[in-house]
Structure formats: C-alpha cells, structure tokens
Amino acid sequence: MHDDGFGTGGFGAEVSGIGSGGVAGRDCNNPCRNGSELSAVAGYQMTTDINQKVNAGHLKRNAYLYVRQSTPRQVLEHQESGKRQYALRQRAIALGWPLEQIHVIDSDQGQSGSSAADREGFQKLVTEVSLGRAGIVLGLEVSRLARNNTDWHRLLEICALTDTLILDEDGTYDPAHFNDRLLLGLKGTMSEAELHVLHARLRGGALNKARRGELVIPLPVGLVYNSQGQVILDPDKQVQESIRLLFATFRRIGSALGTAKAYREQGLLFPHRVRGGLHDGDLLWGEPGRTRVVHVLRNPRYAGAFVYGRNRSRAKPDGSGRCSHRVPQEQWHTILKDAHPGYITWPEFEENLRKLKENAYAQGSDRMKSPPREGPALLQGIVICGMCGARMLVRYRDRGRGLESAYACFGENSENGRPRCQIISGKAIDQALSKLIVESVNPLALEVALSVQKELQSRLEEADRLRRAQVDRARFEAEQAQRRYMRVDPANRLVADSLEADWNAKLRALEEAQTAYESQRQADRRLLDTEEEAKIYALASNFGQLWESPTTTDRERKRMIRLLIEDVTLVKGADIAAHVRFKGGATRSLTVSAPLCWREKHKTSPEILQEIDRLLDDHTYDEIATILNDRGLLTRVGNPYGPVRIMRIEQRYGLKSRYDRLREAGYLTAEEMAELQHISPKTVAERRKRGLLKAAQVNDRPEYLYERPVFRGDVCDVR
C-alpha cells in the first residue's frame, strides 16, 4: 500500500495556498478571471511568502530532511515515494541552504509513524530542533513525520519556540504564525484520521471473517491447517496422545502444577511449535511447566471451538507499545462451538476453567480454596463457616507430637477489627468425617476398586505409548541423519564430518530414549503387579483398613473425600454441628463434642488432687511424685509426675503448703529453736543430725522445721 497521504492532490495545494496567505479565492470582484490566472497568481504569492519566511537566521542553521515509509515492503516496492522524498533536498538548496548543511534522517525506514517511541530518527530530529540547530524541517507531507497528533503538535510547539520552519510538498510554514499552525494542525488531524480509516477497513474485514469462523489465526500445538484451510488434528500421533494425556492427567489430579509434576516424574515430554525466527514451524519437545499446562487448559481451540476477541489491547501511556488483558467470556467477539475437531468437549473445557479458578484462590489474598495438599486437615478447601458462609482457613500448629489442625474463619477481623467468627479444632471433626466416609463407601468398595484398577491400567498404557512414540521419533531422526551422511561425497570432509557428528548425536539420543523407556516400563510393571494390586484388593475387602493404613497419605484421603463430598458446614456451640453435603445433593448432619480447652484438658482429677492434699501432710514434693508413680498414676496427657508438677498443682488449686501445715502443727524454725534453748542455729542443726532434736523436712531442699520441745519441771525433754 502506498502511504503518501494526500500527496500532490489538489486539495492539499489549495489548503496550502490559503494557509500561506495567498490570494486564492479572495478576488471576487473580477468574475472573468479564469482558473489558470488564479493559479498563476497563487503560485507567485506562495513564492513571495516563502522568500519572506526564510531569513538569514534560518540559513545559518541546518536543514533536516526526514524520510520514512511505513513498512519494509513499501521501501522495496514503492521506490517512487522514496525518490520524491529525497528530491526535497533540491527545494532546500533553492531556498539558500548549502548542500553540506542539509542532513538527511532516514533511519526510520520501514517503521510506522503512529508513535515516536521506537523511531530513533524522529527522536533525533526533535532533539536537534530543541537545541536550536535546525532552521527548517523538510518532509514530503505531514504523514511522513507523524501520524499521531500528540507527536505532531509536540514538534510544532518546539519549532515555534526555536523559530524553525516546516516545509512539505505544498509549501513552507512558520509554526509561530497562527494561520500556518492552524493549517499544520489540520493536516496532522487528517493524517491521523487517514491511518484510522485504513486500520478500520482492515479490522472490519478481519471481524467479518471471524464471525464466519474463517479468519486464519495461529493455532496451538496439536492443531494444523490442511491444504483446504480447514483446521484438523495434527497428523503426528505422538502429539495427539501427549495432548490427550495432559487433559486426562489434569482431570485425575485437578491441579496444573500437579500435572506438570506428573509429566516430570514419568519422564514424559510435551510438544511445542516454534513461532517466528529461523526455526519457524519446527516441533520441539520438552518438559511442560505449570504455565504451559495452564495455557493449554485455557485454550478453547482444544475444545473444537473458534473464538475471537479473548484479549483486548491498548496503547501504553508512555507510547512504548501496547498492553493486553484478558476479558470475560461473555465479552468475546465470536464463539463458534464445534467449528473443527478437538481433543475435549466444550463442557470439559468449562469444567477445566472452573477447576483452575478454584485453584487460583490459593494464590489470592484469602488462600482459602485449593487442590488437596499434604497437611493432615481432611476438610482443607471444602469447609464452610456456618456463621458467615465464607470458606474457612486451615491453620497448623506443631506441638512436638506432629501437626495439629484447626479450621478458622476470621470474617472481617482482618479488615475492620471485628471479632472473628469461630476457630474449631480439626482432630475431632476429621475423626467423625473419617468414620462417616468409611461407612458410606464400604458398600461400594468393590465397584470403586474395579474403577481404580481400570484407571491405573489405562494410565500406564497411555504413558507407555507416549514413551514408545518418543523412541520411534528418536529412531527416525537417527535413520534420517544416517541417510544424509550416506548421500554426501566422502571427499568433502568438511560436510561429511559435520553430518557424521550429527548422526552420532542422534544415535546417542536414541540409546538414551530406549534406556529410559525400558527402565520406566519395568517400574510401571512392578508397580501394577505388586503395590497397586495389593491396594486394590485391600480396598475391595476392607476400605476402612486402607483408609487407616499408614501408607495412605493425607493427600490421597483428601482426594477420596472430594470424590464423595461437596462441602462441610461447621457451627460451633456447646457442641460442634457438622452438616455434610455429598455429591448429588444428599446431606448428613453430625454432632461432635467440642474439644476441651487447654486448661480443662490438663486439669487434675479430683481423686488425684485429694490424694496429693493428704500426702502433703507427711511428704515433700519429690516423695509425693515417687508415691504416685509407684502406684501407676499418670497426668491427663500421659506423663509421669515430678516434683515440679506437684508444686504447680499445689499452687494452681490453692492447696495448703507443707510449710504452713507444719507451722500450724506448732513446728519451729531453726532460729526460734535456737532462741528457745539459748544456743546458736548451727548447734540446732548439729543436734538434729545427731537425733537430739525432732525435725520435719519442709521441701526437697535441706530446709527443716523443728518439733516444739516438752518441758518437765526445769528440764527440757527434746525427745
């Protein structure tokens, strides 16, 4: 397309004549003046105006000729436009600029003028004008300089400030003059409008084709166009099986990241079609990441649907390009279901989107709903608060004996400081739900076992086919490299050596693929013959035993629960009410005793408390602990008693200490005994050791109280 704007059209010349102060259309007193006379007068007036606008100050500065065409194709095919642009140097010479002061800026050839962000030549021109080095700017027309009003008016403002003229094919303009700037602004608006009309025509044709589903757009890997332009499945069977396995794996696991992990663990590869560059159209194989899995699951072309308008783009504020964003499905321009063959159905596609949306909650601010994880909380992601209706979070705490789970709903606590809804210990709820699952599944155990066996068998067979296809592809590439090597002239060693090295590399790749295939095949056979069959028979005979088996992980239990249960609503009161909603709509209500709080859980029984109170009359803490342990008595949490535990029980329950009990019985301290017998406290201790004084130990430290002596006449009987 030749993008020259209005070029040498008469309309541009007429408008230029008016803007330059010519006499076109002004002399109405002489109706006999013909068109040729009027044109001659206008041309004479334009030349006079040009000579008046160009002064010595302009001629001292440089003249800059800006040359641009919109696309590389225009540069190659529309060479006449380029010649016309370079010919403007003669206009500058005619105005008085020497040839060495005329600089040509043509580094923006093949670039659109819709934005100045990527046009280095235009930016250089603006810089030179801003620094006052330019006396005149030459361009074939306004559209060569800019097709964006923002860039164009910015250039006009700078030219007006630096007294720089602008020349196009129609005339010379001084942006500092109102009439010239008005005309230049009109030309800029028409240039932008012309580009808009061209884009609107092209986009209208594309939208019309899209409504019929005939618009040719790049297809994802696994879909290709045939010779008639119709969309078909990729003829490569390995590609088809890889894509089908990805959808089946996601259906089984329910997580994009889990699907990528499954491919990596099984050593499977996923195809990728190169777009653009030297290897355009080549098929590459590699491990799929989470992002690639998500892109495949979100692409409706795999469901056999033609869609258009999934993304909207807009120009960035800084003009550095465009940014796009995804729009909701109801805002797509075109949706034509069953337009071509696909790998899944449209309901399966919508179900995949629903799963991805649910999984995305785990990455959001609430992190409430997500695929089954490794933690022990069985209701993770499916528990609902019966107070406010929101999904409850899972909280874990490590108390040294493993993780303890709790289901928490904070409501609006994090936003406005309101009280949280409820926090419920997860152990009792999980135990009650496990019992319900075992009771519900047991009658259907055999049917579940058979379905699991079929799923495992089909999964292993499909993975084996894909790995075998990888070996076949590696063998084909090795044979192809061999044929290329055999056809080369042996005397041409440069080419022969390169082809031989490529052949050797393909042979090594074939050997690695065969080794990996055989090893994985043996592992799959062992897995199916031993571990999986044992689990299947255990499931068929006793589902409860399999559920409680230590080899069954928490994630597997959660997956089993989600196959049966839609959600569980919890309400905490004196007891915990759990309302279970099964798949299909059936409901069950459970009542679970509320777990004891920490203080109640660790509370000492009345019998033990009474015994400790009795033993404090005659024994210390250590002696009491030994007596209780010898009787086989333990604390509420199953630990043996110690002196510190006895002391804390005494303090917590307000028991009278042994010291107070002895003082009430009349026992004296060492100081009181020494004063009573007129001896020193040291002598009191020595007499206690020799057995001359009766004493009772107060605690586990060497602290004693002494029995008051009995006086008989004037003699003190210490015995």
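Quick note: numbers below take in every heavy atom, side chains included, and nothing from hydrogens, waters or symmetry partners. Since this is a predicted model, take the numbers as computed values, not measurements.
Closest non-hydrogen pair, Ala478 versus Leu507, comes out as CB-CD2, 4.0 Å. The shortest heavy-atom contact between Ile243 and Val221 is CD1-O, 3.3 Å. Shown here for Val307 and Ile217, the closest heavy-atom pair between the two residues is O-CD1, 4.2 Å. The two residues Val239 and Pro271 make their nearest non-hydrogen contact at CG1-CG, 3.9 Å. Residues Thr334 and Leu336 share a closest heavy-atom pair of CG2-CG, 3.8 Å. Taking each heavy atom of Cys421 and Cys388 in turn, the nearest pair found is SG-SG, 3.7 Å.
Within the 4.5 Å cutoff, the side chain of Val571 has heavy atoms near those of the Met387 side chain. Looking at heavy atoms from C-beta onward, Val274 lies out of side-chain contact with Asp280 at the 4.5 angstrom threshold. Side-chain contact between Gln230 and His340 is absent, with no heavy atoms from C-beta onward closer than 4.5 Å. Side-chain contact between Tyr308 and Leu207 is present, with at least one heavy-atom pair separated by less than 4.5 Å. For the pair Gln514/Arg475, a side-chain contact is recorded, criterion being any heavy-atom separation below 4.5 Å from C-beta on. Two residues are said to be in side-chain contact when any heavy atoms from C-beta on lie closer than 4.5 Å; Ile382 and Lys558 fail this criterion. Residues Thr587 and Val580 fail the side-chain proximity criterion, which asks for heavy atoms closer than 4.5 Å. With a 4.5 Å cut-off on side-chain heavy atoms, Val224 and Pro235 count as touching.
Looking at residues two or more places apart in sequence or on another chain, you find a side-chain contact (heavy atoms from CB on, under 4.5 Å) between Ala578 and Val568, Leu570, Leu590. Here Glu214 pairs with Arg212 under the salt bridge (Lys or Arg N to Asp or Glu O under 4.0 Å) rule; sequence neighbours left out. With sequence neighbours left out, Ala406 forms a side-chain contact (heavy atoms from CB on, under 4.5 Å) with Ile423. Residues meeting the side-chain contact (heavy atoms from CB on, under 4.5 Å) test with His579, sequence neighbours left out: Thr569, Ala577, Ser589. Shown here are the salt bridge (Lys or Arg N to Asp or Glu O under 4.0 Å) partners of Arg555, two or more places apart in sequence or in another chain: Glu374. Residues satisfying the ring pair (Phe, Tyr, Trp, His ring centres under 6.0 Å) criterion with Tyr641, sequence neighbours excluded, are absent altogether. By the side-chain contact (heavy atoms from CB on, under 4.5 Å) test, Leu219 pairs with Leu223, Tyr225, Val231, Arg301, sequence neighbours left out. Under the salt bridge (Lys or Arg N to Asp or Glu O under 4.0 Å) criterion, Glu511 pairs with no residue, sequence neighbours left out.
With values rounded to the nearest 0.5 angstrom, Asn352 atom CG is found 5.5 Å from Leu297 atom CG. Put simply, OG on Ser425 and CD1 on Ile576 are 7.0 Å apart, with the number rounded to the nearest 0.5 Å. Atoms CD and CG, on Glu477 and Asp472 in that order, are 11.5 Å from each other to the nearest 0.5 Å. Arg292 CZ to Leu246 CG: the interatomic distance, rounded to the nearest 0.5 Å, is 10.5 Å. In this structure, Phe582 CZ and Asp567 CG are separated by 11.0 Å, a value rounded to the nearest 0.5 Å. Leu353 CG to Lys355 NZ: the interatomic distance, rounded to the nearest 0.5 Å, is 11.5 Å.
Judged by distance alone, the side chain of Gln422 and the main-chain N or O of Lys572 form a donor-acceptor pair under 3.5 Å. Side-chain atoms of Gln431 do not come within 3.5 Å of backbone N or O of Ala428 as any donor-acceptor pair. No donor-acceptor pair closer than 3.5 Å links the side chain of Trp346 to the backbone N or O of Pro300. The main-chain N or O of Ala377 is found under 3.5 Å from a side-chain atom of Tyr396 such that the two form a donor-acceptor pair. Side-chain atoms of Arg298 never come within 3.5 Å of backbone atoms of Val293 as a donor-acceptor pair (strictly under, hydrogens ignored).
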Pair Leu268-Ser242, side chain to side chain contact (heavy atoms under 4.5 Å, CB included): steps then yes or no
CA-CA 8 Å; Leu268 300 177; Ser242 297; over 6 Å; no
Report the C-alpha distance between Ile649 and Arg645 in whole Å, list the side-chain angles of each, state the deciding distance to 0.1 Å, and finish with yes or no for side chain to side chain contact (heavy atoms under 4.5 Å, CB included).
CA-CA 6 Å; Ile649 291 176; Arg645 171 75 62 180; 4.0 Å; yes
Side chain to side chain contact (heavy atoms under 4.5 Å, CB included) between Gln240 and Tyr343, worked out
CA-CA 8 Å; Gln240 293 186 24; Tyr343 290 89; 3.6 Å; yes
Asn299/Phe349 under side chain to side chain contact (heavy atoms under 4.5 Å, CB included): CA gap, chis, key distance, verdict:
CA-CA 8 Å; Asn299 198 323; Phe349 168 72; 5.9 Å; no
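Note on Glu556 versus Arg559: no salt bridge recorded, every NZ/NE/NH1/NH2 to OD/OE distance being 4.0 Å or above. A salt bridge between Glu287 and Arg264 is absent, with no side-chain N of the basic residue lying under 4.0 Å from a carboxylate O of the acidic one.
Atom CZ of Arg211 sits in a crowded spot, with more than 12 heavy atoms from other residues, nucleotides or ligands closer than 6.0 Å. In Lys209, the NZ atom is not crowded: 12 or fewer heavy atoms of neighbouring residues, nucleotides or ligands sit closer than 6.0 Å.
Pairs passing the ring-ring contact (aromatic ring centres under 6.0 Å, His included) check and including a residue from residues 258-294, sequence neighbours excluded, do not occur. Pairs passing the salt bridge (Lys or Arg N to Asp or Glu O under 4.0 Å) check and including a residue from residues 323-346, sequence neighbours excluded, do not occur. The salt bridge (Lys or Arg N to Asp or Glu O under 4.0 Å) pairs that include a residue from residues 224-243 are Asp234-Arg273, Asp236-Arg473, Glu241-Arg465, where partners are two or more places apart or lie in different chains. For residues 232-261, the ring-ring contact (aromatic ring centres under 6.0 Å, His included) pairs, not counting sequence neighbours, are Phe247-Tyr302.
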